[in-house]
Amino acid sequence: MSTDAPDPNAPPRHPVPPFDAETARIKVQAAEDAWNTRDPQRVAAAYTPDSIWRNRSTFLTGRHEIEAFLTDKWERELDYVLRKQLWAFHENRIAVRFQYEWHDATGQWWRSYGNEQWEFDERGYMARREASINDVPISAEERRIHGRRPPGDATDIPLR
């Protein structure tokens with residue numbers, strides 16, 4: 001368990017709760033943009049210092065554990081690229097569905113499908129993240145995500 005405590009003097013990460021449809025979409029796009037950098041420090045900075053995670057069957061607490069997890073993840077999941085879509089929101093919670101594509105060291109491509117539930121503190125930092133994810137092998141020809149989302153693209157991600 002991390003001993004990191006929330007910093008009450010940390011600047012807010014806008015938008016902050018309570019969320020409406022517009023601010024929830026902004027928060028989801030900001031998360032997609034950050035994760036597509038594949039920069040563990042930048043991504044972890046969006047979470048409270050004592051954030052609690054469940055990612056598949058892995059349980060983490062705190063930014064240090066999140067950074068280490070993401071470093072390992074992006075060393076294995078090569079050429080990772082992600083799309084997120086707002087599913088629902090209420091007050092300080094947001095639910096998203098997502099898909100990302102990556103390949104392993106053997107060159108096998110994968111599409112990972114998932115759902116996340118997020119809970120934010122009053123300053124807009126994510127205090128809790130729960131992710132359920134499944135991986136499906138795909139061929140390089142089946143890829144449909146080839147880079148970051150172009151500005152202004154709000155295309156929904158397909159079910160399959």
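- The neighbour count for W109 CH2, taken as heavy atoms of other residues, nucleotides or ligands under 6.0 Å away, is above 12.
- Across Q108 and I138, no two heavy atoms sit closer than the pair NE2-O, 2.9 Å.
- At a cut-off of 3.5 Å, with distance as the only test, a side-chain donor of Q99 or R144 sits close to an acceptor on the other residue.
- The salt bridge (charged side-chain N to carboxylate O under 4.0 Å, His left out) test applied to R76 returns D72, not counting sequence neighbours.
- Considering only heavy atoms from C-beta on, F59 stays 4.5 Å or farther from I52 through its side chain.
- Looking at every heavy atom in both residues, T23 comes nearest to P15 through O-CG, 3.4 Å.
- Using a 4.5 Å heavy-atom threshold, the side chains of P17 and E122 count as separate.
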Inset, instruction - List the steps and the verdict of side chain to side chain contact (heavy atoms under 4.5 Å, CB included) for Y113 and D135. - result: CA-CA 6 Å; Y113 296 88; D135 302 316; over 6 Å; no

Legend entry - Residues I94, F120; criterion side chain to side chain contact (heavy atoms under 4.5 Å, CB included); working and verdict: CA-CA 8 Å; I94 295 176; F120 294 86; 3.8 Å; yes

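- Nearest heavy atom pair, residue F89 against residue A21, reads CZ-N, 3.3 Å.
- Under the 4.5 Å side-chain criterion, counting only non-hydrogen atoms from C-beta, R129 is in contact with N55.
- By the 4.5 Å heavy-atom criterion applied to side chains, I133 and F98 are counted as neighbours.
- A donor-acceptor pair under 3.5 Å is formed between the side chain of N36 and the backbone N or O of L82.
- Between W102 and S112, the side chains place a donor N or O and an acceptor N or O closer than 3.5 Å (distance only, hydrogens not considered).
- Follow the hydrophobic side-chain contacts under 4.5 Å out from F69 and you reach Y47 in the same cluster.
- Sorted by first and then second residue, the salt bridge (charged side-chain N to carboxylate O under 4.0 Å, His left out) pairs with a member in residues 15-33 read E32-R149; sequence neighbours excluded.
- Considering only heavy atoms from C-beta on, V96 stays 4.5 Å or farther from N115 through its side chain.
- Between R148 and D153 there is no salt bridge, since no side-chain nitrogen of the basic residue lies less than 4.0 Å from a carboxylate oxygen of the acidic one.
- Every residue was checked against the salt bridge (charged side-chain N to carboxylate O under 4.0 Å, His left out) condition with R54, not counting sequence neighbours, and none meets it.
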Inset, instruction - Any chance you could lay out the salt bridge (charged side-chain N to carboxylate O under 4.0 Å, His left out) test for R143 and D79, step after step, and finish with the verdict? - result: CA-CA 12 Å; R143 290 186 60 217; D79 294 322; over 6 Å; no

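- Here the straight-line distance linking atom CG of D156 with atom CD of Q85 works out to 4.0 Å at 0.5 Å rounding.
- Across all non-hydrogen atoms, the minimal contact from W118 to A31 is CH2-CB, 3.7 Å.
- In this structure, the side chains of Y100 and W110 stay at 4.5 Å or more apart for every pair of heavy atoms.
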Inset, instruction - Please report the C-alpha distance between E65 and R63 in whole Å, then the side-chain angles of each, then the deciding distance to 0.1 Å, and finally whether the salt bridge (charged side-chain N to carboxylate O under 4.0 Å, His left out) criterion is met. - result: CA-CA 5 Å; E65 290 185 17; R63 283 186 186 152; over 6 Å; no

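- Residues W53 and S51 approach most closely at CD1-OG, 3.7 Å, considering heavy atoms.
- Residues W35 and Y80 have side chains in contact (heavy-atom distance under 4.5 Å, counting atoms from C-beta outward).
- In this structure, V81 shares a hydrophobic cluster with I145, the cluster being traced through Ile, Leu, Val, Met, Phe, Trp and Tyr side chains under 4.5 angstrom apart.
- I66 has its side chain out of reach of Q41: every pair of non-hydrogen atoms, C-beta onward, lies at least 4.5 Å apart.
- Every pair passing salt bridge (charged side-chain N to carboxylate O under 4.0 Å, His left out) that includes a residue from residues 102-111 is listed here, sequence neighbours excluded: E101-R111.
- Annotation: salt bridge (charged side-chain N to carboxylate O under 4.0 Å, His left out) contacts involving residues 82-95, sequence neighbours excluded, comprise K84-E116, R93-E119.
- Between L70 and P40, the closest heavy-atom pair is CB-CB, 3.9 Å.
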Inset, instruction - With side chain to side chain contact (heavy atoms under 4.5 Å, CB included) as the test, would you mind laying out the steps for V43 and W74 before giving the verdict? - result: CA-CA 12 Å; V43 173; W74 289 320; 3.9 Å; yes

